[in-house]
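Following: one structure in structure tokens, then a few remarks.
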Amino acid sequence: ATELTVQVLSEDRLATGDQPASIAWLAASLAVPEEEDDEEGCSLTLGYWKTHNKYRQPRRDPTWDELPDGEDTPFFDTGLSYYEILWVKPRGNAYIILARQYVAAVLNGLAGADTSDIDDALVEATILLDTYDGDPMDDEDIDRETRKRFIELAGMFDDYNNGRTGPGHCDDRIDIR
């Protein structure tokens, strides 16, 4: 807790002209609880990450620095960066749908948001995205069941990034950067 001390000085209301005025000090201490450190952080949407980076100055979020090459970190072997993958229109492409939500979830975790609700999904998504990263624009080599799993994982990350699961969305916690 932080201690706040208040001191009050009385005035010479009788206007006796005596200098200096009589001084009466009143001191009071008040313990003010510090804001709790939110160890779990909060989550932000992929839209936030699309617009808070070095290409959208001055709104850059320093969390990007946690990636090896920041925004330009290669996204697996896709030929695209973490930043670029956010801007690819999914058009029903399961790889891109998952990749975009995955990037936001990873950045949220790097920013301090608790990822315990999605840790297993992150591991599974990492394996899938690495396995099928040859040409992200062509998801024809992804069979029906695997495609379904891509979409399910993307939905889990979307729920997390929007605060429906996990630590909650930053807007809801007055924690926005």
Side-chain angles (χ1 to χ4, degrees), residues 38-177:
D38 190 2
E39 294 177 13
E40 297 181 70
C42 56
S43 61
L44 295 156
T45 65
L46 72 88
Y48 173 87
W49 297 109
K50 284 173 71 172
T51 59
H52 290 76
N53 53 69
K54 74 178 184 181
Y55 300 106
R56 300 288 180 159
Q57 291 287 357
R59 297 166 51 182
R60 185 175 192 274
D61 188 306
T63 301
W64 285 98
D65 294 333
E66 300 298 316
L67 294 172
D69 294 319
E71 294 87 329
D72 300 319
T73 299
F75 191 76
F76 299 96
D77 289 325
T78 62
L80 299 170
S81 68
Y82 269 66
Y83 169 78
E84 291 169 325
I85 206 85
L86 289 174
W87 288 93
V88 176
K89 293 192 187 314
R91 294 188 164 91
N93 181 311
Y95 188 94
I96 299 300
I97 292 168
L98 175 57
R100 290 165 33 107
Q101 293 295 340
Y102 173 88
V103 167
V106 166
L107 288 167
N108 282 323
L110 291 173
D114 179 9
T115 60
S116 60
D117 286 355
I118 59 165
D119 282 343
D120 292 341
L122 283 168
V123 170
E124 184 180 356
T126 300
I127 293 166
L128 286 172
L129 291 165
D130 189 39
T131 301
Y132 294 94
D133 64 355
D135 180 3
M137 305 317 240
D138 179 14
D139 67 351
E140 290 181 17
D141 61 335
I142 300 174
D143 64 64
R144 183 180 217 165
E145 285 304 308
T146 305
R147 182 183 195 293
K148 181 179 174 189
R149 189 62 184 152
F150 267 76
I151 301 301
E152 288 170 350
L153 289 168
M156 292 171 70
F157 296 145
D158 181 59
D159 285 344
Y160 172 82
N161 295 330
N162 281 285
R164 292 184 290 269
T165 61
H169 191 266
C170 292
D171 286 343
D172 298 336
R173 313 225 9 230
I174 314 169
D175 233 0
I176 195 98
R177 296 175 217 298

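If you're wondering where the values come from, they're calculated on a predicted model, not measured in any experiment.
R100 places a side-chain N or O within donor-acceptor distance of the main-chain N or O of L86, the cut-off being under 3.5 Å. In this structure, N161 contributes its side chain and F157 its backbone to a donor-acceptor pair below 3.5 Å. Counting only distance, with no hydrogens or angles, the side chain of S43 and the backbone of G168 share a donor-acceptor pair below 3.5 Å. Panel note: side chain T165, backbone Y160; a donor-acceptor pair is recorded below 3.5 Å. Judged by distance alone, with hydrogens and angles left aside, the side-chain atoms of T131 form a donor-acceptor pair with the main-chain N or O of I127 at under 3.5 Å.
Counting heavy-atom neighbours within 6.0 Å of D120 CG, excluding the residue itself, gives a total of 12 or less. Heavy atoms of other residues, nucleotides or ligands lying less than 6.0 angstrom from NZ of K54 number more than 12.
Residues T73 and P68 share a closest heavy-atom pair of OG1-N, 3.6 Å. Among all heavy-atom pairs drawn from R56 and K50, the shortest one is CG-O, 3.7 Å. In terms of heavy atoms, Q101 sits closest to A154 at CG-O, 3.7 Å. Closest approach of T115 to G109, counting heavy atoms only: CG2-CA, 3.6 Å. The shortest non-hydrogen separation linking P167 to G41 is CB-O, 3.5 Å. In terms of heavy-atom proximity, R164 sits nearest to D158 at NH2-OD2, 2.7 Å.
In this structure, Y102 and F75 have perpendicular ring planes: the angle between them is above 60°, well past the 30° mark. Ring geometry for Y83 versus Y55: interplanar angle of 30 to 60°, hence tilted.
Taking the side chain as every heavy atom from C-beta outward, D133 and Y95 approach each other to under 4.5 Å. W64 places a side-chain heavy atom less than 4.5 Å from the side chain of W49. N108 has its side chain out of reach of T63: every pair of non-hydrogen atoms, C-beta onward, lies at least 4.5 Å apart. Residues Y82 and D69 are not in side-chain contact: their nearest non-hydrogen atoms beyond the backbone lie 4.5 Å or more apart. Looking at I96 and K89, their side chains never come closer than 4.5 Å, going by heavy atoms from C-beta outward. Contact check for E71 versus L67: no side-chain heavy atoms found under the 4.5 Å cut-off. Side-chain atoms of F150 and I97, non-hydrogen and from C-beta on, never get closer than 4.5 Å to each other.
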Steps toward side-chain contact (heavy atoms from CB on, under 4.5 Å) verdict (V106, L122):
CA-CA 8 Å; V106 166; L122 283 168; 4.2 Å; yes

The test is side-chain contact (heavy atoms from CB on, under 4.5 Å); show your working for E66 and L107 and say whether it passes.
CA-CA 8 Å; E66 300 298 316; L107 288 167; over 6 Å; no

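Look at D139 and R91 and you find no salt bridge, because none of the NZ, NE, NH1 or NH2 atoms lies under 4.0 Å from a carboxylate O.
Within the model, atoms CG of D77 and CG of L129 stand 12.0 Å from one another, a figure rounded to the nearest 0.5 Å. Remark: I85 CD1 to T78 OG1 distance equals 4.5 Å, nearest 0.5 Å. Between E124 atom CD and E152 atom CD the span is 8.5 Å, to the nearest 0.5 Å. Remark: N93 CG to R147 CZ distance equals 8.0 Å, nearest 0.5 Å.
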